[in-house]
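The structure under discussion appears below in the form of structure tokens.
Computation of the quantities below employed the complete heavy-atom set of this structure, encompassing side-chain atoms and omitting hydrogens, waters and symmetry-equivalent molecules.
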Amino acid sequence: MGRPYLGEFEELVLLAVAVLDGGAYGVTIAAELKQRTDRNISLSGIHIALYRLEEKGFVSSMLGGATAARGGRRKRLFAITAAGKQTLHEMRQIRNELWNAIPTPSCS
């Protein structure tokens, strides 16, 4: 079996989880992606991607503490796993190899 497939959006979400380093949950991921890509992203789309990434073993989650600001509800916090880091590294390597393989135009 080959390496697991990540779509573009899943890759962006996984990268945001890595950048947020333990402080990743739906709202912070949406804000990070909005800031870096200037795309409005729905929270439901982020949650779907997070659950897929968790099923693939690329992120893990835990419930944070309850806060009054959230009406006593707890946040589900996400962190990248070793497998997630390895997958991002492999994807970056593949992309770099492809970018480097683009022929440069010759000036004649």
Side-chain angles (χ1 to χ4, degrees):
M1 190 157 115
R3 75 170 178 83
Y5 174 78
L6 279 186
E8 184 241 357
F9 186 68
E10 285 180 322
E11 183 178 359
L12 286 174
V13 171
L14 186 57
L15 284 165
V17 170
V19 166
L20 291 166
D21 195 29
Y25 63 99
V27 173
T28 59
I29 294 168
E32 186 70 27
L33 293 177
K34 170 68 175 161
Q35 175 190 347
R36 294 185 184 268
T37 67
D38 200 28
R39 288 169 55 178
N40 288 318
I41 297 164
S42 73
L43 284 176
S44 61
I46 289 171
H47 285 115
I48 290 167
L50 285 168
Y51 295 133
R52 283 184 185 156
L53 291 168
E54 193 165 29
E55 286 176 5
K56 293 176 181 181
F58 298 151
V59 298
S60 61
S61 69
M62 62 176 255
L63 288 175
T67 62
R70 294 179 46 83
R73 292 187 331 229
R74 299 164 67 179
K75 292 178 191 170
R76 180 164 297 278
L77 299 169
F78 291 84
I80 191 165
T81 63
K85 288 179 186 177
Q86 180 63 32
T87 297
L88 284 178
H89 175 76
E90 290 171 7
M91 293 187 77
R92 183 179 190 178
Q93 188 173 3
I94 291 167
R95 287 192 189 331
N96 287 342
E97 288 172 6
L98 286 167
W99 276 106
N100 292 334
I102 295 173
T104 55
S106 59
C107 297
S108 310

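- Its side chain within the 4.5 Å cluster rule, W99 clusters with I102 among the Ile, Leu, Val, Met, Phe, Trp and Tyr residues.
- Judged purely by atom type and a 3.5 angstrom limit, Q35 has no side-chain atom pairing as donor or acceptor with the backbone of E32.
- For the atom pair E11 CD and R92 CZ, the distance stands at 11.0 Å (nearest 0.5 Å).
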Apply the test side chain to side chain contact (heavy atoms under 4.5 Å, CB included) to residues L6 and L53: give CA-CA distance (whole Å), side-chain angles for both, the deciding distance (0.1 Å), then the verdict. CA-CA 9 Å; L6 279 186; L53 291 168; 3.5 Å; yes
Could you go through residues 39-49 and list every donor-acceptor pair under 3.5 Å that involves a side-chain atom there, pairing it with any protein atom two or more places apart or in another chain?
{"unit_1": "R39", "atom_1": "NH1", "unit_2": "E8", "atom_2": "OE2", "d": "3.1"}
{"unit_1": "N40", "atom_1": "OD1", "unit_2": "K34", "atom_2": "NZ", "d": "3.3"}
{"unit_1": "S42", "atom_1": "OG", "unit_2": "S44", "atom_2": "OG", "d": "3.4"}
{"unit_1": "S42", "atom_1": "OG", "unit_2": "G45", "atom_2": "N", "d": "3.0"}
{"unit_1": "H47", "atom_1": "ND1", "unit_2": "L43", "atom_2": "O", "d": "2.9"}

What verdict does the side chain to side chain contact (heavy atoms under 4.5 Å, CB included) test give for T87 and K56, after you've listed the backbone C-alpha separation in whole Å, the side-chain angles of each residue and the deciding distance to 0.1 Å? CA-CA 11 Å; T87 297; K56 293 176 181 181; over 6 Å; no
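- No continuous path of ILVMFWY side-chain contacts below 4.5 Å connects V19 to V13, so the two sit in separate hydrophobic clusters.
- A continuous path of Ile, Leu, Val, Met, Phe, Trp and Tyr side chains, each step under 4.5 Å between heavy atoms, connects L20 with L12, placing both in one hydrophobic cluster.
- Proximity of a side-chain donor or acceptor of T81 to a complementary backbone N or O of S60 within less than 3.5 Å is not detected.
- When every heavy atom of F58 is checked against every heavy atom of L14, the shortest pair comes out as O-CD1, 3.7 Å.
- With rounding to the nearest 0.5 Å, the separation of CD1 in I94 from NE2 in H89 is 10.0 Å.
- When all heavy atoms of A83 and G57 are compared, the closest pair comes out as CB-O, 3.7 Å.
- In this structure a side-chain-to-backbone donor-acceptor pair under 3.5 Å is missing from S61 to F78.
- Salt bridge K85/E90: absent, no basic N to carboxylate O contact under 4.0 Å.
- By the rule that hydrophobic residues join a cluster once side-chain heavy atoms approach within less than 4.5 Å of another member, V17 and Y51 end up as members of one cluster.
- For the residue pair A16 and L33, the shortest heavy atom distance occurs at CB-CD2, 4.0 Å.
- You'll find the side chain of K75 stays beyond 4.5 Å of the side chain of V27, heavy atoms only.
- L50 and L88 fall within the same hydrophobic cluster, defined by Ile, Leu, Val, Met, Phe, Trp and Tyr side-chain heavy atoms under 4.5 Å apart, directly or through other members.
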